[in-house]
Amino acid sequence: MIDIRLFRENPAFLKEACRLKRVNVDVDAAVKLDEQRRDIIQEEENLQAERNRVSKEIGAKKKAGEDAAEVMEQMRKVGDRVKELSQQRGEIEQRLHDIALSIPNHPGPGEPEGAGEEQNVEVAQWGKKPAFDFEPKPHWELCEKLGMVDWKGGPKLAGSGFVLYKGTGARLERALINYFLDTHITENGYTEFFPPYLSNRDCMTGTGQLPKMAEDMYHCEKDDLFLIPTAEVPVTNIHRDEILDDSQLPLYYTAYTACFRREAGAAGKDTRGMIRVHQFNKVEMVKIVKPETSYAELESLRGNAEKLLQNLGLHYRVLQLCSGDISFAAAKCYDLEVWAPGCDKYLEVSSCSNFVDFQARRANIRYKDKETKKTVFAHTLNGSGLALPRAMIAVIENNQQPDGTIRIPKVLQRYMGGMEVIGA
RNA sequence: GGAGCGUUGUCCGAGCGGUUGAAGGAGCUGGUUUUGAAAACCAGUGUGGGGCAACCCACCGGGGGUUCGAAUCCCUCACGCUCCGCCA
């Protein structure tokens, strides 16, 4: 959430954020509401102060055995008026809050401006597209032939957009998850968590999925719980409503979870294979850091994700997202896209974002700064490291051989019981 | 699902309906003492909001109510603990 003080201090900044993120919000209406709110507060608090003062006098009078009926009647009227004002204020604050929640985070200075993905800027590349002396096949054919996925099973069990991995397919998925997690906890200094897959409304609002993304999430009405669309939600919310000690920061957390997305607006896109599905696996990295370090932390976070692709020997490119393509809550974002020769396109396997204080403000994650002795909002970041099944697709399609077998990258072999080739 | 108990500041923990923003600890910060450290002693130390300011207001799990006045009484919801039932 944006700082509501900005409604009176710098509404232009908020309008700019909306314009850059291509979001339409009536900032001027909020500015007016904010003024009304302050007027009411003034009157309300004056009356409360009066009531507090007189009430003490009533106490004193009664103790002295004097009659206080008249002033008590007066104060009853004051109380009624306060109640009235407080109700008015409540309504205004609700509307103000709704508007505040719908204002996106301002992209940091120097972010490329643009309307959509066409304006994203490629900032790095690693490796190159592998050369095949045969026509590389798409993963759905390879998986079918090797019995790695039961393509009928997912739809039969849950519906289209669900995948039933099988045999070496299931094991390869698990190998990638373990490889990613182990790397983060042994080499990159992250602490592993294994959170619930359902989160409550407070968590969803804290990280910014609600109210905007409600349509994209699976919701259990009876319990008012949401299936998490990413581990970012539970992991970032671990410290919701807490004041951390300065010495605890930075916090590096990682978690594997399944992720659930209704993909409400994506009908017809990537329907073939398992590029876009309703349930997928992902290892996520989350950082909670001091403000002055967050942009540097974003670079190292991105480095952690990139290293995984490098060790798998997969060619990828890094995009810096333009203002219109950065997510609602983020200030700066890199996407890592891995090359998939069978699909003949780049696939997004990681999105690394700096949210600065936007999520922290919503989720109320603060820390006590030792130097200034102030309680301030922390900065939060997160990034995939990495998202399945796209990483799996890349491994399969890049390592295929003319006979349809698949070489297993060196770093994964120990997780596959020493297996070197699938289908040999 | 039923019954009982509980939820107070960074943490632990008191709290009769009126001067309690909240006793007492712990922690933290500063000071005295010490060759230095520890200990001891003294002082300070919550969050949010309104106002140029003096200052004022709100906050004792969330929401509502009673009252001139609520951390304290009532209702309700959430969470936690204990016991019972049910299931694994």
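Just so we're on the same page: letters track the sequence lines, and every chain starts at 1. Owing to the predicted nature of the structure, the values given are computational and were not obtained by experimental measurement.
- Contact annotation for Met75(A): backbone-only contact, meaning every heavy-atom pair under 4.0 Å involves sugar-phosphate atoms and none involves a base.
- Rounded to whole angstrom, the span from the CD atom of Glu44(A) across to the P atom of rC59(B) amounts to 11 Å.
- Here rU19(B) presents its C1' atom at 17 Å from NZ of Lys62(A), a figure rounded to the nearest Å.
- Using a 4.0 Å cut-off, no side-chain N or O of Lys83(A) falls inside it from OP1 or OP2 of rC68(B).
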Residues 45-61 of chain A side chain polar contacts: donor-acceptor under 3.5 Å, at least two apart:
from     : atom 1 : to       : atom 2 : distance (Å)
Asn46(A) : ND2    : Gln42(A) : O      : 3.3
Asn52(A) : ND2    : Gln48(A) : O      : 3.4
Ser55(A) : OG     : Arg51(A) : O      : 2.9

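- Across the protein-nucleic acid pair, Ile40(A) atom CD1 and rG50(B) atom C1' stand 13 Å apart, rounded to whole Å.
- Rounded to whole Å, the separation between the P atoms of rG13(B) and rC81(B) comes to 15 Å.
- Here the P atom of nucleotide rC56(B) and the CG atom of Asn52(A) are 11 Å apart, to the nearest Å.
- What separates NZ of Lys61(A) from P of rU19(B) is a distance of 18 Å, to the nearest Å.
- Distance Asp241(A) CG to rC79(B) C1': 14 Å, rounded to the nearest Å.
- If you look at Phe180(A) and Tyr256(A), their ring centroids are not closer than 6.0 Å.
- Taking a pair as Watson-Crick or G-U with both hydrogen-bonding distances under 3.5 Å, the stems of three or more pairs touching RNA chain B are B:1-7 with B:78-84, B:10-12 with B:24-26, B:27-32 with B:40-45, B:46-50 with B:55-59, B:61-65 with B:73-77.
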So which protein nitrogen or oxygen atoms get under 3.5 Å of nucleotides 46-48 of chain B's nitrogens or oxygens?
from    : atom 1 : to        : atom 2 : distance (Å)
rU47(B) : OP1    : Thr375(A) : OG1    : 3.2
rU47(B) : O3'    : Arg366(A) : NH1    : 3.2

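- Tested against Asp335(A) for a side-chain hydrogen bond (donor to acceptor under 3.5 Å, both in side chains), the candidates Ser350(A), Ser351(A), Ser353(A), Ser384(A) yield a single pass: Ser351(A).
- Straight-line distance between the P atoms of rU76(B) and rG4(B): roughly 12 Å, to the nearest whole Å.
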Between the protein and nucleotides 51-55 of chain B, list the N/O to N/O atom pairs that are separated by less than 3.5 angstrom.
from    : atom 1 : to       : atom 2 : distance (Å)
rG51(B) : OP1    : Arg38(A) : NE     : 3.3

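- Closest to the side chain of Ile41(A), from the set rG18(B), rC56(B), rG49(B), is rG49(B).
- For Ser300(A), the side chain to side chain donor-acceptor pair (under 3.5 Å) partners are Lys287(A), not counting sequence neighbours.
- A gap of 13 Å separates the C1' atoms of rU67(B) and rU72(B), to the nearest Å.
- The side chain to side chain donor-acceptor pair (under 3.5 Å) search around Asn398(A) returns none, not counting sequence neighbours.
- Rounded to whole Å, the separation between the C1' atoms of rG69(B) and rC57(B) comes to 16 Å.
- For the C1' atom pair drawn from rA53(B) and rC41(B), the interatomic distance equals 38 Å after rounding to whole Å.
- In this structure, Glu66(A) places its CD atom 19 Å from P of rC68(B), rounding to the nearest Å.
- A straight line from CZ of Arg51(A) to P of rU19(B) spans 15 Å, rounded to a whole angstrom.
- For rG21(B) and rG15(B), the C1' atoms lie 13 Å apart once the distance is rounded to whole Å.
- Among residues two or more places apart in sequence or in another chain, the salt bridge (charged side-chain N to carboxylate O under 4.0 Å, His left out) test is passed with Glu337(A) by Arg317(A).
- Applying the ring pair (Phe, Tyr, Trp, His ring centres under 6.0 Å) test to Tyr295(A) and every residue at least two apart in sequence or in another chain returns nothing.
- A salt bridge is defined here as a Lys NZ or Arg NE, NH1 or NH2 lying under 4.0 Å from an Asp or Glu carboxylate O, and Lys282(A) with Glu284(A) meets this definition.
- Scanning for side chain to side chain donor-acceptor pair (under 3.5 Å) contacts around His97(A) gives an empty result, with sequence neighbours left out.
- Spacing between rC73(B) and rG18(B) at atom P, rounded to whole Å, works out to 11 Å.
- No contact: Arg89(A) has no heavy atom under 4.0 Å from any strand.
- Looking only at side-chain heavy atoms (C-beta outward), Phe355(A) and Glu232(A) come within less than 4.5 Å of each other.
- Sequence neighbours left out, not one pair with a member in residues 173-186 of chain A passes salt bridge (charged side-chain N to carboxylate O under 4.0 Å, His left out).
- Heavy-atom nearest nucleotides on RNA chain B were determined for Asp3(A) and for Asn46(A), and the one closer to the 5' end corresponds to Asp3(A).
- Checked against side chain to side chain donor-acceptor pair (under 3.5 Å), Asn105(A) has no partners two or more places apart in sequence or in another chain.
- For Ser55(A) and Gln48(A), each mapped to the nucleotide of RNA chain B holding its nearest heavy atom, the one lying further toward the 5' end belongs to Ser55(A).
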Return all side-chain donor-acceptor pairs below 3.5 angstrom for residues 115-122 of chain A, not counting sequence neighbours, or 'none' if the list is empty.
from      : atom 1 : to        : atom 2 : distance (Å)
Gln119(A) : OE1    : Ala115(A) : N      : 2.8
Gln119(A) : OE1    : Gly116(A) : N      : 3.3
Asn120(A) : OD1    : Cys322(A) : N      : 2.8
Asn120(A) : ND2    : Glu117(A) : O      : 3.4
Asn120(A) : ND2    : Asp325(A) : OD2    : 3.0
Glu122(A) : OE2    : Gln125(A) : NE2    : 2.8

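- Comparing the same atom, P, in rG46(B) and in rG24(B) gives a spacing of 14 Å after rounding to whole Å.
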